Trainee: 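Right, I'll just put the structure down here and ask away after.
Bear in mind the structure is a predicted one, so any value in this text is a computation, not a measurement.
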Amino acid sequence: MENKQNRILAIDLARGISVLMVIIVHTLWMYANVPTQSNTWLGEVIHFIGKGTPMFLIAMGVSFTLSRNQSIILSIKRAGYILAMGYFMNFLKFVIPTAIGMVPDNFIEAYGWKAPATFSNMMYMLRTGDILQLAGVSLLFMGVINRFSKNKYVPLAIALVIVLTTKIVHGYRPGITGIDYIFDLLWGAEWTVYFAVFPWFSFILIGMFFGLWYKEKNTSIKYMFKRMGITGVLLMIVGGSLCVYNFEYHFGDYFHLGPGGTIYLAGFNLVLLWIANIVVTKISYNKVFEFFFYCSKRVTTIYIIQWTFICWGMSIFGYQQYGVMGILALLPLTIGVTLLVQKFILDKLFFPKKKVLSEGEKEELVLKTLRG
């Protein structure tokens, strides 16, 4: 059956899977030694999994266009909240454990500093631009774009400009204290910011394009996601060809993508979303879906918990100390503790307990949803 619910389920599934994938990736980054990250099957698999991060960003763009209230005021409020959460997370995961001497010396030395870390070092960590900073800044721009134009080609055109100009503006700073950091958030070349607006905002804009296209055509879910799949394959061919031609320029490193790398990853993740829709369409609703939808609704808090636990965990497990077997043993721990904290602590604080429905009531609710 083709209905709105399928589309929502596909987006929620993708978002729920994405937030769990980052726990796996971050566990590898922080706990695996360099040979394990670079020269083992586990490192290769997890780095491949990490290529799915843009799926969350595209889903964010789609979800924004389908939200009921898209006022610029609400976008600003949401942006402020996400930015506050991003810097609060940095404070939790970096500043506190560093200040009380719980992080290993080799973690501090990995920054090029001498242990113990200074106040200036901790302020540097606090300013780290992660995906929450990207989401917050992007929400500001999304609100402005939505306020002045509902044309689906506007976000697509802006995405294209970002893709084509990222390498040109990459690393530009005016040399003014404070202002330089804002420019770093936009297109920084240093490791202060991992997810700069250029080029990562382009993935969100592509999601906005497909969301607006869907609303404009008011067509079937199957049609919409099929177009995502077709577009994704074409983008993978174009972007992949550019990366083969000049990998250093077009892909470089994962966090500072060039045009080809951005185009390729956009295509790859559009295909993943197309597959997500096939999954929710062909497979009956089940406990696995329910679990991923649970994670999707709590994506921000789960992200904060996992980073905080992994960074605090360095005081016990060390920094980049483990081989394949050690990482395989730590993965259930990092995932499990994250979900337990979410379920038994944060759910009670931020997610009010809802009435438990009987099986008959659940079935009736699903039928009502499918009808309209």
Trainee: Phe289 vs Phe293 aromatic rings, parallel, tilted or perpendicular, using cut-offs 30° and 60°?
Mentor: tilted
Trainee: My understanding is that only residues two or more places apart in sequence, or in another chain, count here; which of them pass salt bridge (Lys or Arg N to Asp or Glu O under 4.0 Å) with Arg127?
Mentor: none
Trainee: Could you tell me which non-hydrogen atom of Thr262 sits nearest to which non-hydrogen atom of Phe203, and how far apart they are?
Mentor: O-CE2, 3.5 Å
Trainee: Can you label the angle between the His170 ring and the His256 ring as parallel, tilted or perpendicular, going by 30° and 60°?
Mentor: tilted
Trainee: Tell me whether Tyr153 at atom OH has more than 12 heavy atoms from other residues, nucleotides or ligands lying less than 6.0 Å away.
Mentor: no
Trainee: Is the backbone N or O of Ile168 less than 3.5 Å from a side-chain atom of Thr165, with the two atoms forming a donor-acceptor pair by type?
Mentor: no
Trainee: Give a yes or no answer on whether the side chain of Asp184 reaches the backbone of Val193 with a donor-acceptor pair at less than 3.5 Å.
Mentor: no
Trainee: Can you sort out the partners of Phe56 under ring pair (Phe, Tyr, Trp, His ring centres under 6.0 Å), two or more places apart, ordered by chain and number?
Mentor: none
Trainee: Output all residues satisfying ring pair (Phe, Tyr, Trp, His ring centres under 6.0 Å) with Phe183, sequence neighbours left out; order by chain, then residue number.
Mentor: Tyr172, Trp187
Trainee: Show the numbers, then the answer: is there a ring-ring contact (aromatic ring centres under 6.0 Å, His included) between Phe225 and Trp274?
Mentor: CA-CA 5 Å; Phe225 278 95; Trp274 169 65; 9.7 Å; no
Trainee: Considering non-hydrogen atoms only, spot the tightest contact between Arg15 and Ser296 and give its length.
Mentor: NE-OG, 2.8 Å
Trainee: Could you tell me the separation between the CD1 atom of Ile58 and the CZ atom of Phe209, rounded to the nearest 0.5 Å?
Mentor: 12.0 Å
Trainee: With a 4.5 Å cut-off on side-chain heavy-atom distances among I, L, V, M, F, W and Y, is there a chain of contacts connecting Met21 to Leu333?
Mentor: yes
Trainee: For the pair Glu109 and Lys114, find out whether any cationic side-chain nitrogen is under 4.0 Å from an anionic carboxylate oxygen.
Mentor: no
Trainee: Classify the ring geometry between Trp29 and Trp307 as parallel (under 30°), tilted (30 to 60°) or perpendicular (over 60°).
Mentor: tilted
Trainee: For Met123, look at atom CE and say whether over 12 heavy atoms of other residues, nucleotides or ligands are found less than 6.0 Å away.
Mentor: yes
Trainee: Quick one: CE on Met224 to CZ on Arg227, what's the gap to the nearest 0.5 Å?
Mentor: 8.5 Å
Trainee: Report the residues that fulfil ring pair (Phe, Tyr, Trp, His ring centres under 6.0 Å) with Tyr319, sequence neighbours left out, ordered by chain and then residue number.
Mentor: Phe107
Trainee: Look up atom CZ in Phe141 and atom CE in Met208, then write down how far apart they are to the nearest 0.5 Å.
Mentor: 12.5 Å
Trainee: For residues Gln342 and Tyr294, report the shortest heavy-atom separation together with the two atoms involved.
Mentor: CG-OH, 3.5 Å
Trainee: Sequence neighbours left out, what passes salt bridge (Lys or Arg N to Asp or Glu O under 4.0 Å) with Arg298? Give chain and number order.
Mentor: Asp347
Trainee: Identify the residue among Phe119, Trp113, Tyr181 that makes a ring-ring contact (aromatic ring centres under 6.0 Å, His included) with Tyr124.
Mentor: Trp113
Trainee: Atom CD1 in Ile278, atom CG in Leu273: separation rounded to 0.5 Å?
Mentor: 11.5 Å
Trainee: Within the supplied structure, the quantity of interest is the number of heavy atoms (other residues, nucleotides, ligands) at a distance under 6.0 Å from Lys77 NZ; does it exceed 12?
Mentor: no
Trainee: Nearest heavy-atom pair of Thr166 and Leu257: which atoms, and what distance?
Mentor: CG2-O, 3.8 Å
Trainee: Nearest 0.5 Å, please: how far is CD1 in Ile145 from OG1 in Thr65?
Mentor: 12.0 Å
Trainee: Just checking Phe247: does its CZ atom have more than 12 heavy atoms from other residues, nucleotides or ligands closer to it than 6.0 angstrom?
Mentor: yes
Trainee: Would you say His250's side chain and Gly260's backbone share a donor-acceptor pair under 3.5 angstrom?
Mentor: yes
Trainee: Using modelled atom types only, decide if a donor and an acceptor are shared between the side chain of Thr334 and the backbone of Leu331 within a distance under 3.5 Å.
Mentor: yes
Trainee: Under the salt bridge (Lys or Arg N to Asp or Glu O under 4.0 Å) test, which residues partner Lys167, sequence neighbours left out?
Mentor: none
Trainee: Using only atom types and a distance under 3.5 Å, with no angle test, would you say the side chain of Asn146 pairs donor to acceptor with the backbone of Met142?
Mentor: no
Trainee: What closest approach, in Å, do Pro54 and Trp200 show between heavy atoms, and which atom pair accounts for it?
Mentor: CG-CZ3, 3.9 Å
Trainee: My understanding is that only one of Tyr87, Tyr194, Tyr303 makes a side-chain hydrogen bond (donor to acceptor under 3.5 Å, both in side chains) with Asp130; could you say which?
Mentor: Tyr303
Trainee: Decide if atom CZ of Phe88 counts as having more than 12 heavy atoms of other residues, nucleotides or ligands within a radius under 6.0 Å.
Mentor: no
Trainee: Nearest 0.5 angstrom please: Leu339 CG to Ile305 CD1, how far?
Mentor: 8.5 Å
